[in-house]
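Throughout, protein chains are lettered first and strands after them, A, B, ... in sequence-line order, and every chain is numbered starting at 1.
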Protein chains: 2
Amino acid sequence: MQELTPRQAEIWQFIRDYQETEGYPPTRAEIAARFGFRSPNAVTEHLNALVRKGALALAPDTSRGIRLIGAEADAEEEAGLPVVGQVAAGSPLLAEQNVTQRCQFDPGLFSPRADYLLRVYGLSMKDAGILDGDWLAVHATREARSGQVVVARIGDQVTVKRLWKQGKRLELRPENPDFAAIVPDPERDELVIEGIAVGLIRPNGT
Amino acid sequence: MQELTPRQAEIWQFIRDYQETEGYPPTRAEIAARFGFRSPNAVTEHLNALVRKGALALAPDTSRGIRLIGAEADAEEEAGLPVVGQVAAGSPLLAEQNVTQRCQFDPGLFSPRADYLLRVYGLSMKDAGILDGDWLAVHATREARSGQVVVARIGDQVTVKRLWKQGKRLELRPENPDFAAIVPDPERDELVIEGIAVGLIRPNGT
DNA sequence: GACAGTACTGTATATAATTACAGTATTCAA
DNA sequence: TTGAATACTGTAATTATATACAGTACTGTC
């Protein structure tokens with residue numbers, strides 16, 4: 001969708017709000033009244049501009065025949081965040097085969113934004129309050145700071161650990177005394193940070 | 001809302017579908033065409049009946065001035081579940097003063113249904129993966145089985161612990177060796193089960 | 001400096017749409 | 001067995017609404 005001018009955006013938003021509160025779209029005269037236009041034609045031209053830019057569709061010769069495009073959240077958001085289960089060896093994390101379901105919630109819940117939910121296997125992060133079966137909310141990024149809980153990929157393995165950096169030396173530490181830290185060998189192992197933990201959902205009871 | 005006749009329900013659903021696909025409500029003539037009525041008045045009378053029964057609202061002298069009622073989820077669900085923070089002494093858990101915000105998500109996420117989210121203070125349930133600041137998803141009920149994590153009220157205190165029953169003896173056990181179990185004295189303390197834990201949300205990063 | 005895009009005023013008109021009024025027929029409860 | 005609600009046909013009037021056309025003015029850009 002092409003960029004809207006401030007005025008066009010105002011009008012688009014008014015139509016959305018009107019639709020929301022009244023249950024049906026406004027007429028050109030109603031839009032003109034809201035913005036103080038003395039001519040309904042001012043609105044018609046704005047609407048035509050919005051059609052050209054793909055922000056709405058107009059049904060010709062139809063009263064209130066305005067349909068906003070992109071009013072609802074996009075399909076991705078509508079369906080909710082993907083929940084990534086067991087990751088098949090070598091496949092991208094978000095490959096369809098790995099997505100077991102989708103989960104919808106308040107986008108502002110996590111900050112920075114969660115891009116997907118990763119089902120956690122095992123108890124290696126138990127002392128960080130991350131248990132088997134939990135869904136870790138992950139913000140997809142390659143950048144992680146020391147001390148953050150990260151989703152990392154080493155070869156075919158995807159793992160959740162706390163990242164520690166000391167100069168060039170990287171370490172992936174579990175939070176459970178029964179598990180040992182992973183120190184990737186930069187020569188042999190390819191370590192990729194897939195994202196950082198921004199929250200957690202425990203869908204089953206405790 | 002009063003019971004609709006089959007015909008009225010058909011018309012109500014058509015309006016919903018039309019609204020969904022076109023982006024605006026239908027005219028009486030369009031509804032008549034869909035059902036094969038030869039007179040727009042047949043529709044007008046159906047609409048009036050639907051207004052009497054509270055299934056929709058009509059804006060007079062307004063083209064397509066139809067607003068469906070009960071099409072979206074009810075207001076409670078719209079606003080999301082209440083997040084209960086620090087509970088003021090003696091107040092009901094869901095008293096407005098205790099609700100710090102609301103959080104919206106997939107209702108099917110927790111089972112049984114979550115009625116509210118309780119902000120957890122302290123680390124007494126650390127080993128159950130429940131940390132300070134976590135939001136415990138709670139199903140409001142007075143009934144709890146031994147072994148379940150419960151929200152209990154003893155006098156003015158609201159606490160999250162694991163419930164253990166042995167005959168008539170009740171015990172609220174923390175999951176952290178640094179804390180001691182609470183054994184309420186049935187003579188002195190009034191123990192009320194407020195609900196059971198059905199899940200958890202950790203809104204902040206880890 | 002001409003041209004396209006934005007942002008309007010002002011007037012007029014055809015048609016889209018609601019709504020009133022006069023009927024017919026059926027069903028179901030008091 | 002009468003009355004009220006449902007479920008329509010048919011016609012007509014009024015008003016709600018979209019839209020065409022003729023202008024004005026400002027802005028950026030090729």
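Judged purely by distance below 3.5 Å, without hydrogens or angles, the side chains of Y18(B) and E30(B) pair a donor atom with an acceptor atom. Using modelled atom types, one finds no donor on one side chain facing an acceptor on the other under 3.5 Å when comparing D17(A) with Q13(A). Side chains of S63(A) and R64(B): a donor on one and an acceptor on the other come within 3.5 Å.
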Protein-nucleic acid N or O pairs under 3.5 Å, nucleotides 27-30 of chain C:
none

Restricting both atoms to N or O, compile the protein contacts to nucleotides 10-14 of chain D shorter than 3.5 Å, with distance only.
from: dG10(D); atom 1: OP2; to: R38(B); atom 2: NH1; distance (Å): 3.4
from: dG10(D); atom 1: N7; to: S39(B); atom 2: OG; distance (Å): 2.9

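The stretch residues 27-37 of chain B comes close to DNA chain D through G36(B), F37(B), each having a heavy atom under 4.0 Å from the strand. Of all the residues in residues 42-51 of chain B, A42(B), E45(B), H46(B) reach under 4.0 Å from DNA chain D with at least one non-hydrogen atom.
Between K53(B) and dT6(D) there is a side-chain N or O to OP1 or OP2 distance below 4.0 Å. For the OP1/OP2 pair of dA7(C) and a distance below 4.0 Å, the side-chain nitrogens and oxygens of Q8(A) include at least one atom meeting the criterion. Checking the phosphate oxygens (OP1, OP2) of dC8(C), a side-chain nitrogen or oxygen of R7(A) falls inside 4.0 Å. Remark: S63(B) is in phosphate contact with dT17(D), judged by side-chain N or O atoms under 4.0 Å from OP1 or OP2.
L58(B) places its CG atom 15 Å from the P atom of dA16(D), with the value rounded to the nearest Å. Look at CZ on R64(A): it is 10 Å from P on dA16(D), rounded to the nearest Å. As a whole-Å value, the separation of W12(A) CH2 from dA7(C) C1' is 21 Å.
The salt bridge (charged side-chain N to carboxylate O under 4.0 Å, His left out) search around R38(A) returns none, not counting sequence neighbours. With sequence neighbours excluded, the residues forming a salt bridge (charged side-chain N to carboxylate O under 4.0 Å, His left out) with R169(A) are E171(A), listed by chain and number. Judged as a salt bridge (charged side-chain N to carboxylate O under 4.0 Å, His left out), and not counting sequence neighbours, R34(A) has no contacts. Judged as a salt bridge (charged side-chain N to carboxylate O under 4.0 Å, His left out), and not counting sequence neighbours, the contacts of R142(A) are E194(A). In this view, F35(A) and F14(A), F37(A) satisfy the ring pair (Phe, Tyr, Trp, His ring centres under 6.0 Å) rule, not counting sequence neighbours. Listed by chain and number, the residues in a side-chain contact (heavy atoms from CB on, under 4.5 Å) with S146(A) are W164(A), K165(A) (sequence neighbours excluded).
Of the inter-residue distances, the one linking I182(A) atom CD1 with L163(A) atom CG reads 11.5 Å to the nearest 0.5 angstrom.
Comparing the end axes of the helix from dG1(C)-dC30(D) to dA30(C)-dT1(D), each fitted to five base pairs by superposing C1' atoms of four pairs onto the next four, gives an inter-axis angle of 30° (nearest 10 degrees).
Checked by atom type and distance alone, the side chain of R202(A) never pairs as donor or acceptor with a backbone atom of G199(B) at under 3.5 Å.
A heavy-atom distance below 4.5 Å is not found between the side chains of V84(A) and L117(A). Residues V149(A) and M125(A) meet the side-chain proximity criterion, which asks for heavy atoms closer than 4.5 Å. Looking at I11(A) and L50(A), their side chains come closer than 4.5 Å, going by heavy atoms from C-beta outward.
Ionic pairing of R162(A) and E175(A) is present here: one or more N-O contacts between side-chain nitrogen and carboxylate oxygen are shorter than 4.0 angstrom.
Applying the ring-ring contact (aromatic ring centres under 6.0 Å, His included) test to residues at least two apart or on different chains, the pairs with a partner in residues 94-120 of chain B are F105(B)-F110(B).
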